Amino acid sequence: MTWHKKSSTRPRPASNGMNLGMNEVRVRFPPSPTGYCHVGTARMAILNYLFARKHKGTIVFRSEDTDRERSKGEYEADIIDSLHWIGLDWDEFYRQSERTEIYSHELDRLVSEKSAYISEEESKKEPGKMLHVVRLKNPGTLITFTDLIRGDITFDTRELGDFVIARSLSEALYHFAVVVDDALMRITHVIRGDDHISNTPRQILIQEALGVERPLYAHYPLHLGSDRAKLSKRTGDVSVRSYREAGFLPQALLNYVATLGWTPPSGKEILSLGEMVQEFDISDVHKSGAVFDIEKLRWFNRQYLLQMPREEFEATAQVELEKYVAARKLLWDPEIGRKLAPIVHERISVWSDVGSLVTNGEFDYFFSDPTLVSAKIPEKGSGAGEARRHLTTLHDKLSAAEPEIFSLPERLKDAVWEYATHEGRGKVLWPLRYALSGKERSPDPFVIASVIGRDAALRRIDAAIAAL
RNA sequence: GGCGCAUUCGUCUAGGGGCCUAGGACACUACCCUCUCACGGUAGGAACACGGGUUCAAAUCCCGUAUGCGUCACCA
């Protein structure tokens, strides 16, 4: 085992799977399908994934659907799909609803061994209805477990009393099902959010009653909403699918969520899944919760967008542009759309930004001639006469030049740059750019002209001259 | 309230007794590039929760206080 830092004072709990000797590392993804896959679910899966793959271990996906009323197949499918989308996979799959006989069998055993008992009580949910719940006989001991992230944690289990482990002999509750499954599936490391810390002594008590081995625990802090409270539907516990629909890249979401609360030893920010696996050490996971910052996610996403192969970017940009341009009732032109890719490239962080851009009318002039306000044609501090003179000259120069110069912004620039520099670039270029775009802010006129082509460019310059 | 966990720039963090005048990233601001916008480049503001110890020396070790969060189900 190698520490990448050394210290004699700070306790560094064993974090390396090798400590288990010959034992294979086995971890689990235990989502309960009571809602769509949210960022917290993804984080749970990522941390378990990194640890397992780092130690060449096995990952068990276990759908914890013991709550029949709240669990839905649709949610389970979404969780599986979302996790695959960000690049994760697993080796074994189980569904707790298909394992009820196993739990019943173990429940029977505990009752016959007298470490649990059946208690007839009135239902809390349905007053008047009598239930035969199963309660664990709590020996009331002090329990200390070692957490791979936070060190030793001690609880006095007397506070727990004889807690309920099953609603009836045939309906095991969460804690019981989890402990039975973890044992049967030979889970070696339980890596989960720290909202489970206080559940741990309860589960250890069940393990001891069952006579099974205790896995190693690692409780990482939950990430927080901007109010620093645990994420809920209210405070932005956003589903992975909503990020996907907003046009975030899976690698970006994966990278951001993984490094939210974990810093790799190299200090690198942009890492692939493979690099993260290599660098991962569970004890480097932070002990305090981090606030999820959408702005930083956007930055990560932009980095991945920038890395994307040109053809791939262009193809997706096409689809996005067409979608919004059509919605704006503008005439879609694939040729123009293709030329727009570089402009889109330097202006967006997320695909949905294309939507904002187009919807705000930022790109209208690429698809239809702008409506000009004559007072805005001349540069500020310059007059209509001067603007007309420059536009006329530019029109002459551009129409006289070879038509091919319209295929490249640089060539258009070459054609008029000397003139513009001599006359004052603002005085010449502002009217040109405004004539082409009808906007006070836009890409430079050479880029616009090369996108819309010779005919449209000359036509718009004429229109501006006429409007003056 | 009991129990548990945590606390470094607005946010994510580096830090493991002298290397800290506390480093980086996001965001922000200014400047440069530039007709405008965007991109890019450079610079800047911005933090060790508080109080006691220990030590020649504390962001770092100890104790206390405060604050925040979690959890106390016949949910998971």
Side-chain angles (χ1 to χ4, degrees), chain A residues 3 5-10 12 30-35 64-67 69-71 96 119 121-126 129 131-135 147 149-151 153-161 163-168 171 173-175 177-178 193-202 219 221-224 226-230 256 259-263 267-270 286-300 302 306 342-348 357 362 379-380 382 420 424-434 437 439-445 447:
Chain A
W3 302 131
K5 300 157 192 160
K6 14 178 169 16
S7 167
S8 51
T9 49
R10 179 180 169 193
R12 298 270 299 192
S32 65
T34 52
E64 308 217 318
D65 53 353
T66 51
D67 185 335
E69 286 160 30
R70 297 198 299 148
S71 299
Q96 287 189 326
S119 163
E121 300 169 18
E122 183 180 349
S123 169
K124 284 184 186 172
K125 281 181 180 170
E126 303 158 83
K129 183 181 177 188
L131 249 35
H132 293 270
V133 301
V134 183
R135 288 184 178 272
D147 189 291
I149 294 172
R150 355 177 73 103
I153 300 174
T154 301
F155 281 91
D156 183 345
T157 63
R158 277 174 299 193
E159 310 155 8
L160 267 29
F163 56 93
V164 177
I165 55 176
R167 196 152 190 269
S168 73
E171 290 172 282
L173 254 17
Y174 169 73
H175 292 296
V178 163
D194 66 3
D195 51 336
H196 283 292
I197 284 188
S198 37
N199 288 156
T200 305
R202 195 185 303 252
H219 291 96
L222 266 10
H223 65 264
L224 282 15
S226 45
D227 59 355
R228 301 209 74 94
K230 180 181 178 179
Y256 177 61
T259 55
L260 220 212
W262 168 63
T263 309
K268 279 172 72 176
E269 291 216 80
I270 304 292
H286 306 154
K287 290 197 278 210
S288 58
V291 172
F292 187 95
D293 181 8
I294 188 77
E295 284 304 324
K296 189 125 190 190
L297 204 214
R298 285 174 58 81
W299 177 80
F300 270 95
R302 179 161 167 77
L306 258 20
I343 299 173
V344 169
H345 193 251
E346 64 187 22
R347 274 158 216 266
I348 67 167
L357 246 25
E362 303 281 342
E379 191 198 29
K380 282 193 179 66
S382 174
R425 300 210 274 252
K427 291 185 169 47
V428 176
L429 266 13
W430 175 280
L432 207 217
R433 196 176 53 73
Y434 184 79
S437 68
K439 293 273 181 195
E440 296 183 41
R441 299 140 65 110
S442 79
D444 74 62
V447 167

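To find a chain, count down the sequence lines: A is the first, B the second, and so on, and within it residues start at 1. For the numbers below, each heavy atom of this structure counts, side chains included, while hydrogens, waters and symmetry mates do not. The structure displayed is predicted, hence computed values, not measured ones.
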Given C26(B), A76(B), C35(B), the nucleotide with the shortest approach to the side chain of R433(A): C35(B)
Nucleotide nearest Y174(A) (side chain, heavy atoms from C-beta), chosen from C37(B), A76(B), C35(B): A76(B)
Touch class at under 4.0 angstrom, heavy-atom based, for R70(A) against every strand present: base
C32(B) and G70(B), which share atom name P, separated by this distance in whole Å: 48 Å
Distance in angstrom units between I153(A) CD1 and C72(B) P, rounded: 16 Å
Sugar-phosphate only, base, or nothing, as touched by R347(A) at under 4.0 Å among non-hydrogen atoms: base
Sidechain-backbone polar pair: D194(A) side chain, I197(A) backbone, donor-acceptor under 3.5 Å: no
Integer-rounded Å distance: C5(B) P and I149(A) CD1: 14 Å
Shortest side-chain distance from S288(A), nucleotide among G4(B), G70(B), A6(B): A6(B)
U71(B) versus U65(B) - spacing of their C1' atoms, nearest Å: 23 Å
Spacing of W262(A) atom CH2 relative to A14(B) atom P, expressed in whole Å: 12 Å
Sugar-phosphate, base or nothing in reach of I197(A), heavy atoms under 4.0 Å: sugar-phosphate
Presence of K125(A) side-chain N/O under 4.0 Å of C75(B) phosphate oxygens OP1/OP2: yes
Nearest-angstrom distance, C1' atom, U60(B) to U55(B): 13 Å
Watson-Crick or G-U wobble partner of C9(B), both distances under 3.5 Å: none
Short side-chain N/O contact to C5(B) OP1/OP2 from H219(A), under 4.0 Å: no
Spacing of R70(A) atom CZ and S32(A) atom OG [to the nearest 0.5 Å]: 6.5 Å
N/O (side chain, R167(A)) to phosphate O (OP1/OP2, C75(B)) under 4.0 Å: yes
Pairwise side-chain contact, N199(A) with H175(A), heavy-atom cut-off 4.5 Å (strictly under): yes
Side chain of D195(A) - closest among G70(B), C12(B), A6(B): G70(B)
U65(B) - base-pair partner by Watson-Crick or wobble geometry, distances under 3.5 Å: A49(B)
Length of the line joining R302(A):CZ and A25(B):P, which is rounded to integer Å: 17 Å
Of the listed nucleotides A76(B), A6(B), C12(B), the one nearest the side chain of K287(A): A6(B)
Base of A76(B) paired with side chain of N199(A) (donor-acceptor, under 3.5 Å): yes
Gap in Å between the two P atoms, one belonging to C20(B) and one to G15(B), rounded: 14 Å
Sugar-phosphate, base or nothing in reach of T34(A), heavy atoms under 4.0 Å: nothing
Nucleotide forming a Watson-Crick or wobble pair with A43(B), both distances under 3.5 Å: U29(B)
Under-3.5 Å donor-acceptor pair between K296(A) side chain and A25(B) base: yes
Rounded distance [0.5 Å steps], CG in L222(A) versus OG in S288(A): 12.5 Å
Gap between atoms NE2 and P, on H196(A) and A76(B) respectively (whole Å): 11 Å
R433(A) side-chain N/O to P443(A) backbone N/O, donor-acceptor pair under 3.5 Å: no
Given RNA chain B, 5'-ward residue of the pair G426(A) and L131(A), judged by closest heavy atom: G426(A)
Sugar-phosphate, base or nothing in reach of G424(A), heavy atoms under 4.0 Å: nothing
Sugar-phosphate only, base, or nothing, as touched by K124(A) at under 4.0 Å among non-hydrogen atoms: base
Pairwise 5' ranking along RNA chain B for V164(A) and W299(A), keeping only the more 5' one: W299(A)
Sugar-phosphate, base or nothing in reach of E269(A), heavy atoms under 4.0 Å: sugar-phosphate
Sugar-phosphate, base or nothing in reach of I343(A), heavy atoms under 4.0 Å: nothing
Paired nucleotide for U55(B) [Watson-Crick or G-U wobble; both distances under 3.5 Å]: none
Touch class at under 4.0 angstrom, heavy-atom based, for T66(A) against every strand present: sugar-phosphate
A14(B) OP1/OP2 closer than 4.0 Å to side-chain N/O of H286(A): yes
Mutual orientation of the aromatic rings belonging to Y256(A) and F300(A) [parallel < 30°, tilted 30-60°, perpendicular > 60°]: tilted
Contact under 4.0 Å: T263(A) side-chain N or O vs U13(B) OP1/OP2: no
Distance, C1' atom - from U7(B) to A47(B), rounded to whole angstrom: 12 Å
Touch class at under 4.0 angstrom, heavy-atom based, for Y434(A) against every strand present: nothing
Base-pairing assignment for U71(B) (Watson-Crick or G-U wobble, both under 3.5 Å): G2(B)
Interatomic distance at P, A59(B) relative to U67(B), whole Å: 25 Å
Student check: side-chain heavy atoms of T66(A) and L173(A) closer than 4.5 Å: no
P spacing across the pair C61(B) / G16(B), given as an integer number of angstrom: 10 Å
Sugar-phosphate only, base, or nothing, as touched by D156(A) at under 4.0 Å among non-hydrogen atoms: nothing
Touch class at under 4.0 angstrom, heavy-atom based, for L432(A) against every strand present: nothing
R425(A) vs C35(B): side-chain N/O to OP1/OP2 distance below 4.0 Å: yes
Touch class at under 4.0 angstrom, heavy-atom based, for D444(A) against every strand present: base
For A22(B), the Watson-Crick or wobble counterpart (both distances under 3.5 Å): none
Integer angstrom distance from the C1' of G17(B) to that of C62(B): 13 Å
Rounded distance in Å - NE2 (H345(A)) to P (G40(B)): 10 Å
Sugar-phosphate only, base, or nothing, as touched by T154(A) at under 4.0 Å among non-hydrogen atoms: sugar-phosphate
E346(A) side chain, from C-beta outward: closest of A76(B), U11(B), A38(B): A38(B)
Closest listed nucleotide, where the reference is the side chain of L429(A) and the choices are C35(B), C37(B), C26(B): C35(B)
Donor-acceptor under 3.5 Å (R150(A) side chain, H219(A) main chain): yes
Nearest-angstrom distance from the residue atom CZ of R202(A) to C1' of C75(B): 12 Å
